[in-house]
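Proteins come first, then strands; the chains are lettered A, B, ... in the order of their sequence lines, and each starts at number 1.
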Amino acid sequence: MRKGDRVVAVVATSFQRGCLLAGVLGFAIPLMAAVLPVDRVDVLYHSYNGGGLTVNGPSIMARKQLGKKTSVWGNYYVDSITSATIDVDVLTGASTYREERIEKTLGVDFLQGKTTMGLAYTNSEEQDFSANSVHYSVSHSMFGDLTTVSLGYSRGWDEIWRSTQSKSSFVEEAKRQNFRLSLSQVVTKNLLMELGLETVTDEGYLNNPYRAYSYVDASNPGCINDRCSLTEQYPNTRTSHAVAIRGLYYLPYRAAIKTEYRVFSDTWGIQASNYEVAYTHPTKSGWVFDVKYRYYSQTRADFYSDLFAREGEFEFMARDKELSTYETRTFGAAASYEFLTRGWHFLDKGSMNITLDHIQYDYKNFRDARVNNVAPGSEPLYQFSANVMRVFVSVWY
Amino acid sequence: MKKTAAIVIVVALLSGCAIEPWVQPYERANLADPIMSFGRDSVADSYLHHVFQAREGARGAEGGSGGGCGCN
């Protein structure tokens, strides 16, 4: 894909590649597993803005108990995307595009003694991506409800094509499996700990079909600043492992501190870790305030390079900035206000919430190829920031 | 050595079935407070996990309301 092959129509970034938000959305692991989640409705508006990408839309989730041992839930989620990102536009000459992703999930949870079981099905559709997945989870409470063990398994089937091509001429598939294990533990009357492990395996077409790797070719006048580009080549398999430990501590004056540390590695050579510290402060007037800081860093994939020496230098080549070496810092704040705390008709209570997060991305080996008055490979390192907003109303009944 | 370790593990597992809760039900008021939840609002938490999954190479073990991501 050289400069002349201008992609004017829709192109995609990894943001909307059929991400299954609601994979296990309804499977929030309760402190004590021997209860079903409470009945509630959430109506949320979300917005992401940064790096030339704007994504917003609604998410509506409802849950209702049927009898004493069954709870059903559903989620309807929309991403409306407007993008002119650095990932594809600079090298391919693609223009701003708009598209929409709609994701629907239906789930059911069963309670039997000290055990809860959950089943869910998710479908996600956009104009060049279709994903279906099923999810199963089981949680069991033991040792006087001090310990909860949870197991989860998900399986997904993706179909990928290009919006710029007919589906009959280009369509690929990928299969995914997730294995989850979680252990929640009451340590003291003020301290909760949680250990989570997850292995994910992917098999099939794992590329973003629009993205390109970059290589040097000073002899090709069709390239931008001697940077030529061709469609990326990814391996067809990926397996990753993540381990996280979390703590939640109740402070004497009714407030809470949450900490998290997670490590990650995969067969593509990426190693990552993140930590988070959060503080929750409720007031007597019904407000709850949260602040948090999160730091994330990762190393590059083995087949990532900002600029390869020549066309076809290796079997696998990629320039996705999500596969590069970089770090992110997230500052977050939230405010929540509870209303109808004494109930009203069939309602138990409600809450209004706003959450703002500011994320700073600093890349260590992904360069801003829009700068074309320097030699290729010596452009300044890329960085950008994004603002994420969530506004939602919740009602319990 | 291996035999001793095996005995210790078996005894620990068997005795685990008879563990007395060291935090009694009447001592769990603080733990039952809504602020003592790893994910108070799963619909909002899942969205942020979605943002991180799409923008970061790491994935998995996001917590109770984390989700699988079919990103590529």
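- Considering only residues two or more places apart in sequence or on other chains, N353(A) meets the side-chain hydrogen bond (donor to acceptor under 3.5 Å, both in side chains) condition with S336(A), S351(A).
- Under the 4.5 Å side-chain criterion, counting only non-hydrogen atoms from C-beta, Y77(A) is not in contact with V43(B).
- For K258(A), the side-chain hydrogen bond (donor to acceptor under 3.5 Å, both in side chains) criterion is met by no residue, not counting sequence neighbours.
- Atoms CZ and OH, on F392(A) and Y47(B) in that order, are 13.0 Å from each other to the nearest 0.5 Å.
- Applying the 6.0 Å contact sphere to NZ of K189(A) captures no more than 12 heavy atoms from other residues, nucleotides or ligands.
- The two residues L191(A) and L31(B) come nearest to each other via the heavy atoms N-CD2, 4.0 Å.
- There is no contact between S265(A) and chain B, counting heavy-atom distances below 4.5 Å.
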Decide side-chain contact (heavy atoms from CB on, under 4.5 Å) for I359(A) and R55(B); before the verdict, give the C-alpha distance in whole Å, the side-chain angles of both, and the deciding distance to 0.1 Å. CA-CA 11 Å; I359(A) 310 173; R55(B) 285 283 160 205; over 6 Å; no
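- With a threshold of 4.5 angstrom between heavy atoms, V200(A) approaches chain B through its backbone and through its side chain.
- Taken from OG in S37(B) to CG in L248(A), the straight-line distance is 7.5 Å, to the nearest 0.5 Å.
- Nearest heavy atom pair, residue R390(A) against residue D45(B), reads NH1-N, 4.0 Å.
- Contact tally against chain B (heavy-atom pairs below 4.5 Å) for S324(A), A174(A), S394(A), S240(A): the top residue is S240(A).
- Residue A244(A) comes nearest to A61(B) through the heavy atom pair CB-O, 3.5 Å, listed as atom of the first residue, atom of the second, then distance.
- With a threshold of 4.5 angstrom between heavy atoms, A272(A) approaches chain B through side-chain atoms but not through N, CA, C or O.
- Distance check: T355(A) OG1 to L48(B) CG gives 8.5 Å after rounding to the nearest 0.5 Å.
- By the 4.5 Å heavy-atom criterion applied to side chains, E62(B) and R262(A) are counted as neighbours.
- Contact count versus chain B (heavy atoms, under 4.5 Å) is highest, among W268(A), Y250(A), Y249(A), F264(A), for Y250(A).
- Looking at A255(A), the atoms closer than 4.5 Å to chain B (heavy atoms on both sides) all sit in the backbone: N, CA, C or O.
- The candidate with the highest count of non-hydrogen atom pairs below 4.5 Å against chain A, out of R40(B), Q24(B), E56(B), is E56(B).
- The greatest number of non-hydrogen atom pairs below 4.5 Å with chain B, out of E260(A), R254(A), R300(A), is found for R254(A).
- Between the side chain of Y296(A) and the backbone N or O of A58(B) there is at least one donor-acceptor pair closer than 3.5 Å.
- Panel note: side chain E198(A), backbone G60(B); no donor-acceptor pair is recorded below 3.5 Å.
- Between G57(B) and Q298(A), the shortest heavy-atom distance links the atoms N-OE1, 2.8 Å.
- Only the side chain of D357(A) comes within less than 4.5 Å of a heavy atom in chain B; its backbone stays farther off.
- Interface remark: of the candidates V187(A), V243(A), L195(A), V187(A) forms the most heavy-atom pairs closer than 4.5 Å to chain B.
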Decide side-chain contact (heavy atoms from CB on, under 4.5 Å) for S46(B) and M61(A); before the verdict, give the C-alpha distance in whole Å, the side-chain angles of both, and the deciding distance to 0.1 Å. CA-CA 11 Å; S46(B) 295; M61(A) 184 175 171; over 6 Å; no
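- Ion pairing between D266(A) and R59(B) fails under the 4.0 Å rule for side-chain N and carboxylate O.
- At a 4.5 Å heavy-atom cutoff, the contact between T188(A) and chain B is made by backbone atoms alone.
- Both the backbone and the side chain of N30(B) have a heavy atom closer than 4.5 Å to some heavy atom of chain A.
- Both tests pass for R294(A) against the ring of F52(B): distance under 6.0 Å to the centre and angle within 45° of the axis.
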